[in-house]
Structures are given as structure tokens and as C-alpha cells.
Protein chains: 2
Amino acid sequence: MTYQDASFAALGDPTRRQILLLLRDGPAPVGTIAGRFPVSRPAISQHLKVLKDAQLVVVRPAGTRRLYELDPRGLAALRAFFEQFWNEALLAFKAEVERPTRARRRRTP
Amino acid sequence: MTYQDASFAALGDPTRRQILLLLRDGPAPVGTIAGRFPVSRPAISQHLKVLKDAQLVVVRPAGTRRLYELDPRGLAALRAFFEQFWNEALLAFKAEVERPTRARRRRTP
DNA sequence: CGTCTTGGTAAGTCATGGCTTACGGTAAGT
DNA sequence: ACTTACCGTAAGCCATGACTTACCAAGACG
């Protein structure tokens with residue numbers, strides 16, 4: 001499984017998306033993150049593992065705690081993918097619209 | 001469930017992402033799409049339903065066939081979300097780096 | 001009309017994934 | 001050294017979801 005596949009799969013879960021949104025405010029330890037969600041701490045640990053495997057977050061040990069923060073690598077990759085797809089889709093739309101006016105009648109003939 | 005939730009969930013499946021990539025080349029009927037994948041036609045129909053509910057594709061009946069094509073609405077929404085998230089994440093990174101030089105020693109004191 | 005093509009839906013199977021509790025392991029504080 | 005705080009992992013449960021086959025509706029076409 002590529003990192004991109006893993007990233008999209010990771011984004012499929014609402015809790016994981018919320019975690020990413022939360023981490024925009026800066027690094028946070030597991031306990032703090034878990035405190036914001038109605039699920040157990042191990043559940044959050046598992047989500048963080050998925051996000052880490054997808055290169056969407058990185059860990060940094062700090063004493064007995066582990067600080068998680070956003071990983072620019074995965075985020076940049078996702079953004080690039082979207083940007084490219086969007087552009088190509090736009091081209092397709094244009095080509096569609098500008099297609100040699102086929103049966104494009106005003107009023108009824 | 002919001003359209004955005006539905007969109008991200010829809011992107012979680014590799015086959016559905018492939019379908020979207022395929023539809024960049026323009027509208028296609030179900031049979032043609034199904035022919036490109038190693039799964040049955042009903043499976044594709046179900047995937048298309050998910051994509052439609054997520055506003056990522058639209059259907060247009062054409063005789064006995066149904067042409068599926070990309071839906072700019074959902075795609076634009078996703079792109080906007082990513083763009084915003086990326087920008088905010090960038091700000092967070094900057095704030096992180098430019099934080100009042102805390103214990104930033106050159107060489108060892 | 002009858003038939004053939006096209007495709008959506010129902011029902012059932014099976015794997016996956018998200019959750020929980022229980023446990024173990026490491027660093028900090030006394 | 002003993003205890004406490006923090007967190008990852010294992011094991012098991014259960015809902016969800018991706019797939020199959022079977023069936024049915026509707027437009028094209030002789």
C-alpha cells in the first residue's frame with residue numbers, strides 16, 4: 001500500500017480527521033488528544049498509529065510523554081494530488097462544454 | 001452525515017478513487033466503467049451510488065444507459081477544504097519555528 | 001410485441017476496522 | 001527503590017462495508 005492510499009484511508013475516519021484539525025494548533029500529547037474525544041485513550045493511540053503510518057503525523061518523545069504533530073510530507077502530497085486532479089478535471093469540463101455544438105438548439109426548431 | 005464526511009468516506013476506497021480518475025476523461029456508462037475493474041457490475045453500481053451520494057459524480061440517463069461524470073460541486077468542496085487546512089497548517093509550522101528561541105544553542109555551551 | 005441490452009436493487013457472505021478492557025514498559029518524582 | 005503518570009500493544013467483540021448471485025424494470029430494436 002502506497003503512502004497515498006494510506007493517507008486517503010486514514011482520512012476516511014471522522015475521528016482521525018478531527019485529530020488532524022486539532023493538531024493544527026500545535027503538538028499535543030496522547031492524553032490531551034484523547035481528552036477531547038468520547039473514546040478511550042487506546043483507541044486514540046490506534047488512530048495515531050494509522051495517521052503516523054500514513055505520514056500525516058510525526059511523534060516526538062518528551063520525557064514520559066509523546067508529542068504528536070502534523071507531518072508536512074503527507075499533507076503536501078495530498079494537497080498536490082488534489083491540486084492536480086482538480087486541474088485535470090477542470091480541463092475535462094471545459095472540453096465537455098466547448099465540444100462542437102452538438103444539437104444545441106435555442107427555442108424549439 | 002455531511003456531504004464532506006460522505007466525500008472523505010467515499011475517497012477511502014481505492015476502487016472509488018480509480019473510478020474518479022477514470023472519469024477525468026469524460027462521462028462513461030456503468031458497463032464501460034465496470035469493464036475496467038476486476039469486480040462485478042453490481043459492485044460498480046454500488047460504488048457509483050456512494051460517489052453520487054457524496055456529490056462527487058452525477059448521472060445523466062441516455063437511452064437505456066446512464067452516463068456518469070464528475071461533479072464539480074463535491075470536488076470543489078474537497079479542494080477548498082484541503083486548501084484551507086494546508087494554509088492553516090503552514091501557519092502553525094511557521095509559528096512553531098519562529099517561536100521565541102527557546103534553548104536554541106549553537107555548539108555546546 | 002417479443003427480445004436483448006443496460007443497469008439498479010435485494011439478500012446473503014465474509015473480511016475489515018474501530019472500539020473496549022487488560023496488560024506491560026519506561027520515565028519522573030518522592 | 002517504590003510509586004505514579006503516560007502510553008503502546010494484545011485480544012476479543014461487533015458493526016460496517018465490499019463483494020457475490022439472483023432478480024427485476026425500462027429503453028432500443030427486430
Side-chain angles (χ1 to χ4, degrees), chain A residues 1-23 26-71 103, chain B residues 1-23 26-71 103:
Chain A
M1 179 150 81
T2 73
Y3 281 119
Q4 185 179 286
D5 284 346
S7 294
F8 277 113
L11 290 182
D13 184 84
T15 300
R16 284 195 287 265
R17 285 200 303 277
Q18 288 288 110
I19 292 177
L20 291 179
L21 291 173
L22 194 155
L23 290 180
V30 178
T32 302
I33 300 175
R36 304 289 217 88
F37 296 91
V39 297
S40 70
R41 185 192 47 73
I44 298 296
S45 263
Q46 290 161 13
H47 281 309
L48 288 170
K49 173 171 174 49
V50 174
L51 290 170
K52 180 161 61 73
D53 290 345
Q55 285 198 336
L56 292 174
V57 302
V58 289
V59 212
R60 172 168 31 111
T64 175
R65 303 195 275 183
R66 319 198 66 195
L67 296 177
Y68 281 85
E69 58 184 327
L70 295 179
D71 185 343
Chain B
M1 178 149 80
T2 73
Y3 281 118
Q4 183 178 290
D5 284 347
S7 293
F8 277 114
L11 289 181
D13 184 85
T15 300
R16 284 194 288 264
R17 286 199 302 279
Q18 288 289 111
I19 291 178
L20 292 179
L21 291 173
L22 194 155
L23 290 181
V30 178
T32 303
I33 301 175
R36 305 290 218 86
F37 296 92
V39 297
S40 70
R41 186 191 47 72
I44 298 296
S45 263
Q46 289 160 13
H47 280 309
L48 288 171
K49 174 172 173 48
V50 173
L51 290 172
K52 181 161 60 72
D53 291 345
Q55 285 197 336
L56 292 173
V57 301
V58 289
V59 212
R60 171 167 33 111
T64 174
R65 302 194 276 184
R66 317 196 68 196
L67 295 177
Y68 282 84
E69 58 185 328
L70 296 179
D71 185 344

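Naming convention: chains lettered A, B, ... in sequence-line order (proteins, then strands); numbering from 1 in each chain.
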Could you give the [atom1]-to-[atom2] distance, from [X] to [N], as a whole number of Å?
X: B:Gln46; N: D:dG17; atom1: CD; atom2: P; result: 12 Å
X: A:Ile33; N: D:dG8; atom1: CD1; atom2: C1'; result: 14 Å
X: B:Asp13; N: C:dA15; atom1: CG; atom2: P; result: 17 Å
X: A:Arg41; N: D:dA10; atom1: CZ; atom2: C1'; result: 13 Å
X: B:Arg60; N: C:dG8; atom1: CZ; atom2: C1'; result: 19 Å
X: A:Asp53; N: D:dG8; atom1: CG; atom2: C1'; result: 13 Å
X: B:Leu48; N: C:dT6; atom1: CG; atom2: P; result: 16 Å
X: B:His47; N: D:dG17; atom1: NE2; atom2: P; result: 12 Å

Does C:dT30 have a Watson-Crick or wobble mate here (both distances under 3.5 Å), and if so which one?
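By the stated definition (distances under 3.5 Å), D:dA1 pairs with C:dT30.
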5'-most contact on DNA chain C: A:Ile44 or A:Ala62, nearest heavy atom basis?
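Its nucleotide being nearer the 5' end, the pick is A:Ile44.
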Where each residue is assigned the nucleotide of DNA chain C containing its nearest heavy atom, which of A:Gly63 and A:Ala43 is assigned the position nearer the 5′ end?
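Counting from the 5' end, the first nearest nucleotide belongs to A:Ala43.
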Closest non-hydrogen atom pair between A:Ala10 and A:Leu51, with its separation:
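Minimum heavy-atom separation between A:Ala10 and A:Leu51: CB-CD2, 4.1 Å.
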Identify which nucleotide among C:dT21, D:dC6, D:dC7 has an atom closest to any side-chain atom of A:Pro42, counting heavy atoms from C-beta outward.
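It is C:dT21.
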Of all the nucleotides listed (D:dA18, C:dT21, D:dA5), which has the minimum atom distance to the side chain of B:Arg16?
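Between D:dA18, C:dT21, D:dA5, the one nearest the side chain of B:Arg16 would be D:dA18.
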When all nucleic acid strands are considered with a 4.0 Å heavy-atom cut-off, which category describes A:Phe37: base, sugar-phosphate, or nothing?
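Nothing, no nucleic acid heavy atom in range.
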Across the strands shown, which category fits B:Pro61 at heavy-atom distances under 4.0 angstrom: base, sugar-phosphate, nothing?
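If one applies the 4.0 Å heavy-atom cut-off, B:Pro61 turns out to touch nothing in the nucleic acid.
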Below 4.0 Å: OP1/OP2 of [N] and any side-chain N or O of [X]:
X: B:Arg66; N: C:dG8; answer: yes
X: B:Ser45; N: C:dG8; answer: yes
X: B:Arg65; N: D:dA28; answer: no
X: B:Ser40; N: D:dC19; answer: no
X: B:Tyr68; N: C:dG8; answer: yes

Within the 4.5 Å heavy-atom criterion, are A:Phe37 and A:Leu22 side-chain neighbours or not?
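A:Phe37 vs A:Leu22: side chains touch.
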Would a 4.5 Å heavy-atom cut-off, applied to side chains only, mark B:Ile44 and B:Arg36 as touching?
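They are not in side-chain contact.
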Please assess A:Val57 against A:Leu20 for the test side-chain contact (heavy atoms from CB on, under 4.5 Å), listing each intermediate value before the final yes or no.
CA-CA 8 Å; A:Val57 302; A:Leu20 291 179; 3.9 Å; yes
Using modelled atom types only, decide if a donor and an acceptor are shared between the side chain of B:Arg16 and the backbone of B:Leu11 within a distance under 3.5 Å.
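No; zero donor-acceptor contacts below 3.5 Å.
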